[in-house]
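Comments concern the structure below.
Note that the numbering runs from 1 along the sequence shown for the chain. No experiment lies behind these values; they were computed from the predicted model shown.
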Amino acid sequence: MSPALHPDVEALGFLLGTWSGEGAGRYPTIEDFAYTETVTFGHVGKPFLAYGQRTARIPDGFPLHAESGYWRSTGPGRVELVLAHPTGIVEVQEGSLDGPRLELRSTSVSRTASAKEVTAVERSFEVDGDVLRYTVRMAAVGQPLTHHLAAELHRAPPT
């Protein structure tokens with residue numbers, strides 16, 4: 001039996017579960033691509049949601065990206081997200097929660113010496129029942145903030 005959702009993250013409870021679907025990516029420095037994605041939001045009764053994400057290339061399933069982190073509510077309508085990427089990048093994002101819509105902007109992006117330069121990231125999420133749609137905008141490798149990713153994911157039935 002799962003622990004009760006902490007009251008501090010009840011406003012984020014609509015994200016809980018496993019979501020899967022497809023998306024498309026583009027950026028001025030790379031070729032356009034299509035991907036499958038699985039995202040999981042879980043909790044352990046503490047004041048945060050745990051987050052994990054992984055993508056694979058369409059059509060061959062080659063692994064593309066993964067990230068993991070934590071979502072926190074910091075007051076009515078306010079959200080924080082801390083993400084780690086295996087490419088040596090760490091993001092801190094803050095933003096707003098308005099019903100089933102989230103708007104986040106990076107307040108800090110740090111990287112290891114071997115990671116590509118990323119200077120800003122913005123994420124928009126919207127949930128409509130069991131459908132989650134998101135977009136990601138990124139400023140990296142000398143490019144200004146521009147569209148990078150968009151996907152539509154569907155919540156898996158609880159097991």
Side-chain angles (χ1 to χ4, degrees), residues 1-27 32-58 63-87 89-110 118-140 144-159:
M1 186 161 136
S2 182
L5 187 59
H6 193 282
D8 288 355
V9 289
E10 283 179 354
L12 296 172
F14 66 93
L15 293 170
L16 290 170
T18 299
W19 306 78
S20 296
E22 294 184 359
R26 68 176 189 249
Y27 205 69
D32 294 359
F33 60 97
Y35 60 93
T36 61
E37 179 170 17
T38 300
V39 170
T40 302
F41 291 91
H43 73 96
V44 294
K46 297 285 192 171
F48 60 83
L49 298 185
Y51 168 80
Q53 179 262 22
R54 66 182 185 278
T55 62
R57 184 173 57 203
I58 293 174
L64 292 175
H65 182 72
E67 56 193 35
S68 60
Y70 299 95
W71 293 67
R72 301 183 329 143
S73 177
T74 58
R78 299 301 303 161
V79 178
E80 293 177 343
L81 171 60
V82 177
L83 283 179
H85 303 256
T87 55
I89 295 169
V90 178
E91 296 177 55
V92 175
Q93 296 197 341
E94 296 181 21
S96 62
L97 168 65
D98 183 10
R101 185 163 178 75
L102 295 134
E103 294 289 337
L104 298 157
R105 289 184 174 184
S106 57
T107 58
S108 174
V109 180
S110 295
V118 175
T119 55
V121 182
E122 294 179 349
R123 298 170 190 265
S124 298
F125 293 82
E126 187 161 5
V127 174
D128 182 7
D130 289 331
V131 178
L132 183 153
R133 292 178 188 89
Y134 75 81
T135 60
V136 175
R137 294 160 304 284
M138 179 174 69
L145 195 64
T146 189
H147 175 80
H148 180 42
L149 304 170
E152 179 174 298
L153 310 178
H154 300 269
R155 188 188 332 250
T159 57

Checklist entry - Do Glu22 and Ile58 pass the side chain to side chain contact (heavy atoms under 4.5 Å, CB included) test, and can you show the C-alpha distance, the side-chain angles, and the key distance before you say yes or no? => result CA-CA 9 Å; Glu22 294 184 359; Ile58 293 174; 3.7 Å; yes

Say whether [X] and [Y], considering side chains only, have a donor N or O and an acceptor N or O under 3.5 Å apart.
X      : Y     : answer
Arg72  : Thr74 : no
Arg101 : Ser96 : no
Glu37  : Thr55 : no

Next on the checklist: More than 12 heavy atoms of other residues, nucleotides or ligands under 6.0 Å from OH of Tyr70: yes or no?
Outcome noted: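 No, the 6.0 Å shell around OH holds no more than 12 heavy atoms from other groups.
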
Item to check | Parallel, tilted or perpendicular: ring planes of Phe125 versus Trp71, cut at 30 and 60 degrees | outcome: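 Phe125 vs Trp71 ring planes: perpendicular.
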
Between [atom1] of [X] and [atom2] of [Y], what distance do you get to the nearest 0.5 Å?
X      : Y      : atom1 : atom2 : result
His65  : Thr87  : NE2   : OG1   : 6.5 Å
Tyr35  : Arg54  : OH    : CZ    : 14.5 Å
Arg123 : Arg137 : CZ    : CZ    : 10.0 Å
Phe14  : Leu132 : CZ    : CG    : 8.0 Å
Leu97  : Leu104 : CG    : CG    : 9.5 Å
Leu102 : Leu12  : CG    : CG    : 6.5 Å

Checklist entry - Any sub-3.5 Å donor-acceptor pair from Arg155's side-chain atoms to Leu16's backbone N or O? => result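 Between the backbone of Leu16 and the side chain of Arg155 there is a qualifying donor-acceptor contact (under 3.5 Å).
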
Item to check | Side chain Ser106, main chain Glu91, donor-acceptor under 3.5 Å | outcome: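 Flag not set: sc Ser106 to bb Glu91 has no pair under 3.5 Å.
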
Item to check | side chain to side chain contact (heavy atoms under 4.5 Å, CB included) between His154 and Asp130, worked out | outcome: CA-CA 6 Å; His154 300 269; Asp130 289 331; 5.9 Å; no

On a heavy-atom basis, which atom in [X] and which in [Y] lie closest, and how many Å separate them?
X      : Y      : answer
Ser73  : Asp8   : CB-O, 3.0 Å
Tyr27  : His147 : CD1-O, 4.1 Å
Pro86  : Ala66  : CD-O, 2.9 Å
Pro3   : Gly45  : CG-N, 3.8 Å
Ser124 : Glu103 : OG-OE1, 2.6 Å

Next on the checklist: Under 6.0 Å between ring centres: does that hold for Trp19 and Tyr134?
Outcome noted: no

Checklist entry - Going through the checks in order, is the side chain to side chain contact (heavy atoms under 4.5 Å, CB included) test met by Phe33 and Leu149? => result CA-CA 10 Å; Phe33 60 97; Leu149 304 170; 3.8 Å; yes

Next on the checklist: Side chains of Glu122 and Leu145, heavy atoms from C-beta outward: is any pair under 4.5 Å?
Outcome noted: yes

Checklist entry - Between His85 and Val118, is any pair of side-chain heavy atoms under 4.5 Å apart? => result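 Not in contact.
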
Item to check | Check ion pair Glu126-Arg133 (N to O, under 4.0 angstrom) | outcome: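 No, no charged N to carboxylate O under 4.0 Å.
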
Item to check | Set of residues satisfying salt bridge (charged side-chain N to carboxylate O under 4.0 Å, His left out) with respect to Arg26, sequence neighbours excluded | outcome: none

Next on the checklist: As a quick check of understanding, evaluate side chain to side chain contact (heavy atoms under 4.5 Å, CB included) for Val109 and Met138, giving each step before the final call.
Outcome noted: CA-CA 11 Å; Val109 180; Met138 179 174 69; over 6 Å; no

Next on the checklist: Suppose we screen for side-chain hydrogen bond (donor to acceptor under 3.5 Å, both in side chains). Which residues come up paired with Arg57, at least two apart in sequence or across chains?
Outcome noted: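 Arg57 satisfies side-chain hydrogen bond (donor to acceptor under 3.5 Å, both in side chains) with Asp60 once adjacent residues are dropped.
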
